[in-house]
**Q** 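Below are the structure tokens for one structure; questions will follow.
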Protein chains: 2
Amino acid sequence: MTLEQSAVRPPAQTRGAGPAGQRRRSRREEILEIAVGLFATRGYHGVSMDDIGAAAGVTGPALYHHFAGKEAMLAAALIPVSEQLLAGGQKRIAESSEDPAAALAALVDFHVEFALANPAVIALHLHELDRLPEEPRRQIRRLQRLYVEEWVNTLTVLREELNAGEARVLAHAAFGLMNSTPFLGGEVDRARRAELLRAATLSALQG
Amino acid sequence: MTLEQSAVRPPAQTRGAGPAGQRRRSRREEILEIAVGLFATRGYHGVSMDDIGAAAGVTGPALYHHFAGKEAMLAAALIPVSEQLLAGGQKRIAESSEDPAAALAALVDFHVEFALANPAVIALHLHELDRLPEEPRRQIRRLQRLYVEEWVNTLTVLREELNAGEARVLAHAAFGLMNSTPFLGGEVDRARRAELLRAATLSALQG
DNA sequence: TGATGAACTTAACGACCGTTCAGCACTTGC
DNA sequence: GCAAGTGCTGAACGGTCGTTAAGTTCATCA
């Protein structure tokens, strides 16, 4: 009653030229995406290397040809997320540098889109960061802090009655709101969900 | 580098009459609270029975005198939370049955207070529910669903342009906002944090 | 053709985990 | 003073996990 082996091993030869212009993702990225999905639904410690391998159509030890170990897989999944969030946030702010209200709206737009596009990786980021060893964990926390500060700066300009600590509370509250998307599936289509989350977040932050 | 044993075993004899009117908590509850804290910070699978025992001042196997097993500890921690949330929500709604706006405000008040008072158990509830076996997990999900429906009903009365699915998206978004409190510590005192979260949640929900 | 190297397999290791069991210490009620 | 019972210890079990190692297959290319 452990893991129903539902993943079928792919044809094993897609190595050469892809059937069309579609760029072949590297095997490493492919495995990483599978691992992220498993981590997100069963928890880091709830998934074994054999589980990940089985889901990718290989045995557990085969994974060591692509990653140094299990912790390295988690780090490889989490670090790019923090980097993309920070880079995206900085870009949106730079694009509307003179108008803090527009900057906030752009931040919300960006974050909602990101969360809706990457629910598994967002859930991982929220729940499993502490399973990393010190070094990559510190790196990610630093990136997170910089991202939060972008929001805090925008908020303190826009709402002068807030001090930095209070703006930080609101920023985290906004993340909680926007990151709630992994918890709910269909029923409402993606565009409408994005609209609801955008409007709710902006209302929550503009007091 | 695993677990610094900082918990000191208590005097072991507080069994008789407490020194004053303070009601002695049962050993079971005491252990449960310790376990919840560990689960919340290191994850269910990241904590061993020996870890929990050590933090409570006993060995691992001693825990089997109070709980049937590790999963039973998690269930014992999570089920009362769902029950309290549902009961509290129903009570607040019944108390303001004629005024949906007041009902929503009461729900927000209640949930924010609960989240601020029990951050560890809220985090557990969010992250580790899937580690339970089917039976208790279904029970908890049923309680959760009923609690969410209280919010959904209040929201659909208050905002007639929303269908049930959209109201559910907003309800989960509000939970995400209010449950963000475990992620941030001091810097802003508790009363102010409650005020910020209350105002933000009401703004987010009232469109 | 034959060497190269990537991707994978099977087998095995040491460590740790949840759980069980037999027995000991100590308090309580008779 | 004695029996009952609670709470605990220490040792041990079967199982699982992350990881290592050695060997196999096979496409690629000189």
Side-chain angles (χ1 to χ4, degrees), chain A residues 1-3 5 7-18 24-32 34-35 38-39 42-77 128 131-133 136, chain B residues 1-3 5 7-18 24-32 34-35 38-39 42-77 128 131-133 136:
Chain A
M1 177 82 82
T2 49
L3 175 69
Q5 183 83 327
V8 181
R9 177 131 178 220
Q13 274 343 317
T14 340
R15 193 106 26 101
R24 271 255 324 139
R25 237 176 356 176
S26 74
R27 186 88 176 103
R28 190 174 193 270
E29 276 178 86
E30 198 177 335
I31 290 173
L32 193 54
I34 291 169
L38 289 175
F39 286 156
R42 312 222 309 257
Y44 176 74
H45 284 117
V47 181
S48 71
M49 293 297 272
D50 282 344
D51 289 340
I52 300 170
V58 296
T59 60
L63 303 174
Y64 287 81
H65 284 269
H66 304 278
F67 300 92
K70 197 184 180 188
E71 284 175 344
M73 295 186 76
L74 186 58
E128 307 290 354
R131 277 45 145 182
L132 282 180
Chain B
M1 177 80 84
T2 49
L3 174 70
Q5 182 83 330
V8 181
R9 178 132 176 222
Q13 275 342 318
T14 341
R15 191 108 21 104
R24 271 256 322 139
R25 237 178 355 176
S26 74
R27 185 87 177 104
R28 190 174 195 270
E29 277 180 84
E30 197 177 335
I31 289 173
L32 194 55
I34 290 169
L38 289 176
F39 286 155
R42 313 224 307 258
Y44 176 73
H45 284 116
V47 181
S48 70
M49 293 297 272
D50 283 344
D51 289 340
I52 300 170
V58 296
T59 60
L63 303 175
Y64 287 80
H65 285 269
H66 304 278
F67 301 92
K70 197 185 180 187
E71 284 175 345
M73 295 187 75
L74 185 58
E128 308 290 353
R131 276 46 145 182
L132 281 180

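Letters go in sequence order (proteins before strands), and every chain restarts at 1.
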**Q** Return the nearest nucleotide to the side chain of A:Y64; candidates are D:dA21, C:dA7, D:dG18.
**A**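 Per side-chain heavy atoms of A:Y64, the pick is D:dG18.
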**Q** C:dT20 C1' sits how many Å from B:L63 CG, rounded?
**A**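 Roughly 14 Å, once rounded to whole Å.
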**Q** With nearest nucleotides of DNA chain D determined for B:A62 and A:E71 from heavy-atom distances, which residue corresponds to the more 5′ nucleotide?
**A**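 Nearer the 5' end of the strand: B:A62.
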**Q** Just N and O in the side chain of B:R27: are any of them under 4.0 Å from OP1 or OP2 of D:dC8?
**A**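 Checking D:dC8 against B:R27, a side-chain N or O does come within under 4.0 Å of OP1 or OP2.
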**Q** Which whole-number value in Å describes the distance from A:Y44 OH to D:dC17 P?
**A**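 Atom-to-atom, A:Y44 to D:dC17, this comes out as 13 Å.
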**Q** Whole angstroms only, please: what is the CG-C1' distance between B:L74 and C:dG18?
**A**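 Whole-Å distance recorded here is 15 Å.
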**Q** Of B:H65 and A:G46, whose nearest nucleotide on DNA chain D comes first from the 5' end?
**A**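 Closer to the 5' end of DNA chain D: B:H65.
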**Q** Which heavy-atom pair separates A:A75 from A:L132 by the least distance, and what is that distance?
**A**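 Looks like N-CD2, 3.6 Å.
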**Q** Rounded to whole Å, please give me the gap between CZ in A:F39 and C1' in D:dG18.
**A**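 After rounding, the reported distance stands at 12 Å.
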**Q** Looking only at heavy atoms, what is the nearest atom pair of A:L74 and A:R131, with distance?
**A**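 It is CD2-CB, 4.0 Å.
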**Q** Categorize A:G60 for me: base, sugar-phosphate, or nothing, with a 4.0 angstrom heavy-atom threshold over every strand shown.
**A**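 No contact.
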**Q** Quick check: do B:H65 and B:V58 have side-chain heavy atoms less than 4.5 Å from each other?
**A**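 No. Closest side-chain heavy atoms not under 4.5 Å.
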**Q** For B:T59 and D:dC8, is the shortest distance between a side-chain N/O and OP1 or OP2 below 4.0 Å?
**A**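 B:T59 to D:dC8 OP1/OP2: no side-chain N or O under 4.0 Å.
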**Q** Assess B:K70 against B:Y44: is NZ or CZ under 6.0 Å from the centre of the six-membered ring, and within 45 degrees of the ring's axis?
**A**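 Judged by the rule, B:K70 and B:Y44 form a cation-pi pair.
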**Q** Quick one: are B:I31 and B:M73 in side-chain contact, heavy atoms under 4.5 Å?
**A**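 Side-chain contact under 4.5 Å: yes.
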**Q** For A:I52 and D:dG18, what is the distance between atoms CD1 and P respectively, to the nearest whole Å?
**A**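 Nearest whole value for this atom pair: 7 Å.
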**Q** Tell me: CG of A:D50 to P of D:dT19, nearest whole Å?
**A**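 Those two atoms, CG and P, are 12 Å apart.
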**Q** Can you tell me how far C1' of D:dC8 sits from CZ of B:F67, to the nearest Å?
**A**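 Atom-to-atom, B:F67 to D:dC8, this comes out as 16 Å.
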**Q** Rounding to a whole Å, what distance do you find between A:E30:CD and C:dA7:P?
**A**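 Value for this atom pair: 12 Å.
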**Q** The side chain of A:M49 lies closest to which of these nucleotides: D:dG18, D:dC8, D:dA21?
**A**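 Nearest listed nucleotide: D:dG18.
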